[in-house]
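What follows is one structure encoded as C-alpha cells, with my remarks underneath.
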Amino acid sequence: MDNKLTELIELSQKLGDPFLSLAILGEGNTSADIGDGTFWVKASGSQLSTINENGFSRLYGEKVLDLLDNPTLDDTGVAEGLKNALFDKKMRKSSVETFLHAMCIFECKVKWVGHTHPISVMSILCSKEGVKPFQKHIYPDEIVVCGEQIAVVPYIDPGLPLARAVREALHRFMDTYGHSPKLLLMENHGMVALGQQAKDVMNISLMADKWARTILGAYTMGGPKNLTDDQARRIETRPDEEYRRKQISRKLEA
C-alpha cells in the first residue's frame, strides 16, 4: 500500500469520526492525486469512519473527465464509463461523485479533496437562506482557513447534471479570482474541501463546521454581525495570517 493511500485512509477516518458529525453511515467521499494521471477515490458504499485500503478505487483522471463531455451519456453509460476508467478492473465501483473529485484534482490542480455533510453546514444549506449566510464573513479564522471567497452551486440532481454544474462553478470561480477555491458549498447537498495537503482538507472541514455553528448561534442573538469587505480582504492578505495559514497546514492531527 503506497504512502498516499495510507494518508488518505487516515484523513477519511478522521472526517468520518462520529464525534465530529461531519459524515455518517455511507455519507461523504475523499480522494487524492497520485501524481501520474490517476487518483484514489472512495469506492461506492464504503464508510469513511471504518474505511481501509479495500474501500478505495484508482481511476484515470482523463478518462473520467472525458465522460463529462459526452452529451448523450445516460445512467448506464456513466456506470460503464466509470468502470472503464478504473486503473484495475478488479477494483470496486466508484460513485458518480467521482466526477467531482476528478474535476477538483485535474482542473483545479489540488491534491486532496474531502466531500462531507456536516449537520451544522447542512442546517444552513437546507434552509431558505441557502448559501447566503456563508457569503459574508463573521470572524478572521474562517477567512484564513476557508478563504475569502467560496464556490457555490444550487441544488441539482446528483450525478452527471451536478458534476457539470460544479464544473461550471469551479471554472467561473477560477476565472474570477485566478485560483481554485478552498471550499465549495452545494445547497441541499453538502460541502467540499479542496487542499494541497491532507491537513488542508481536515482544517477546512472543521473550520466550515465551526463557521456554520457560529452562524446558527448568531441568529439566536439577533443575527450575524458581518465583517465588511475591506476587513475581510485585510485578513486574507495580512502577512502574519499567511504565516499562520502555513503553520496550521503542517501535519494531520486529531
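All values below were derived from every heavy atom in this structure, side-chain atoms included, with hydrogens, water molecules and symmetry-related copies excluded. By convention here, the first residue in the shown sequence is residue 1.
In this structure, the ring of Tyr60 has its center no less than 6.0 angstrom from the ring center of Phe39. In this structure, the ring of His117 has its center less than 6.0 angstrom from the ring center of His189.
The CD atom of Gln197 lies 14.5 Å from the CE atom of Met202; values are rounded to the nearest 0.5 Å. A distance of 4.0 Å separates CZ of Phe134 from CD1 of Ile124, quoted to the nearest 0.5 Å. A distance of 11.5 Å separates OG1 in Thr30 from CD in Glu97, rounded to the nearest 0.5 Å. Note that NE2 of His115 is 9.5 Å distant from CE of Met191, once rounded to the nearest 0.5 Å. Atom CD1 of Ile156 is separated from atom CG of Asn188 by 11.5 Å, given to the nearest 0.5 angstrom. The CG atom of Leu160 lies 8.5 Å from the CG atom of Asp75; values are rounded to the nearest 0.5 Å.
Taking 4.0 Å as the cut-off between side-chain N and carboxylate O, Asp2 and Arg58 do not count as a salt-bridged pair. Taking 4.0 Å as the cut-off between side-chain N and carboxylate O, Glu142 and Lys210 do not count as a salt-bridged pair. At a threshold of 4.0 Å, the pair Asp229-Arg234 does not count as salt-bridged, since none of the basic side-chain nitrogens sits closer than that to a carboxylate oxygen.
Both Ile34 and Met91 belong to a common hydrophobic cluster when Ile, Leu, Val, Met, Phe, Trp and Tyr are linked at side-chain heavy-atom distances under 4.5 angstrom. Taken together through direct or relayed side-chain contacts under 4.5 Å among Ile, Leu, Val, Met, Phe, Trp and Tyr, Leu8 and Phe106 form part of one hydrophobic cluster. Clustering ILVMFWY residues whenever any of their side-chain heavy atoms sit less than 4.5 angstrom apart, transitively, puts Tyr139 in the very cluster that holds Leu183. When hydrophobic clusters are built by joining Ile, Leu, Val, Met, Phe, Trp and Tyr residues whose side-chain heavy atoms come closer than 4.5 Å, directly or via intermediates, Ile204 is grouped together with Val131. In terms of hydrophobic clustering, with Ile, Leu, Val, Met, Phe, Trp and Tyr side chains grouped at heavy-atom distances under 4.5 Å, Ile105 and Phe87 are assigned to different clusters.
Applying the 6.0 Å contact sphere to CG of Leu73 captures more than 12 heavy atoms from other residues, nucleotides or ligands. At most 12 non-hydrogen atoms from other residues, nucleotides or ligands lie less than 6.0 angstrom from CD of Glu62.
Listed here is the closest heavy atom pair of Arg167 and Met103: CB-SD, 3.1 Å. Closest approach of Asp200 to Gly195, counting heavy atoms only: CB-CA, 3.7 Å. Of all the heavy atoms in Leu82 and Leu59, the pair that sits closest is O-CD2, 3.7 Å. In this structure, Leu68 and Arg164 approach most closely via the heavy-atom pair O-NE, 3.1 Å. Counting all heavy atoms, side chain and backbone alike, Leu15 lies closest to Gly114 at CD1-CA, 4.3 Å. Counting all heavy atoms, side chain and backbone alike, Asp33 lies closest to Gly35 at OD1-N, 3.0 Å.
Of the N and O atoms on the side chains of Asn70 and Thr72, at least one donor lies less than 3.5 Å from an acceptor on the other residue. In summary, the side chains of Ser205 and Thr116 do not present any donor paired with an acceptor at a separation below 3.5 Å, with no hydrogens or angles considered. Between the side chains of Asn226 and His137, no donor-acceptor pair is found at a separation under 3.5 Å.
Lys89 contributes a side-chain N or O that, together with a main-chain N or O of Leu86, makes up a donor-acceptor pair within less than 3.5 Å. Ser46 contributes a side-chain N or O that, together with a main-chain N or O of Gly55, makes up a donor-acceptor pair within less than 3.5 Å. Between the side chain of Thr98 and the backbone N or O of Ser94, no donor-acceptor pair lies under 3.5 Å. Put simply, the side chain of Gln13 never gets that close to the backbone of Glu10: no donor and acceptor are under 3.5 Å apart. Looking at Lys111, its side chain never comes within 3.5 Å of a backbone N or O of Ala32 through a donor-acceptor pair. Within the 3.5 Å criterion, the main-chain N or O of Arg92 finds a donor-acceptor partner in the side chain of Ser57.
In this structure, Tyr219 and Pro224 have side chains that are in contact, with non-hydrogen atoms separated by less than 4.5 Å. Contact check for Asn84 versus Glu80: side-chain heavy atoms found under the 4.5 Å cut-off. With contacts defined as side-chain heavy-atom distances shorter than 4.5 Å, the pair Leu206/Leu20 qualifies. Residues Cys146 and Lys182 have side chains not in contact (no heavy-atom distance under 4.5 Å, counting atoms from C-beta outward). Taking the side chain as every heavy atom from C-beta outward, Lys83 and Lys93 never approach each other to under 4.5 Å. Contact annotation: the side chain of Leu227 never approaches that of Lys136 to less than 4.5 Å [non-hydrogen atoms, C-beta and beyond]. Val201 is not listed as a side-chain neighbour of Val113, based on a closest heavy-atom distance of 4.5 Å or more. When side chains are defined from C-beta on, Val153 does not count as touching Glu187, because their heavy atoms never get closer than 4.5 Å.
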* **Asp157/Leu162 under side chain to side chain contact (heavy atoms under 4.5 Å, CB included): CA gap, chis, key distance, verdict** => CA-CA 6 Å; Asp157 185 45; Leu162 175 60; over 6 Å; no
* Let me see the working for Asp230 and Thr228 under side chain to side chain donor-acceptor pair (under 3.5 Å), right down to the final yes or no. => CA-CA 5 Å; Asp230 287 343; Thr228 66; 5.4 Å; no
* Given Phe99 and Val78, is the side chain to side chain contact (heavy atoms under 4.5 Å, CB included) satisfied, shown in steps? -> CA-CA 10 Å; Phe99 293 113; Val78 167; 3.7 Å; yes
* **Check against side chain to side chain contact (heavy atoms under 4.5 Å, CB included), Trp112 and His101** => CA-CA 9 Å; Trp112 299 86; His101 292 271; over 6 Å; no
* Asked: Could you walk me through whether Leu170 and Ser180 pass the side chain to side chain contact (heavy atoms under 4.5 Å, CB included) check?
  -> CA-CA 7 Å; Leu170 292 174; Ser180 63; over 6 Å; no
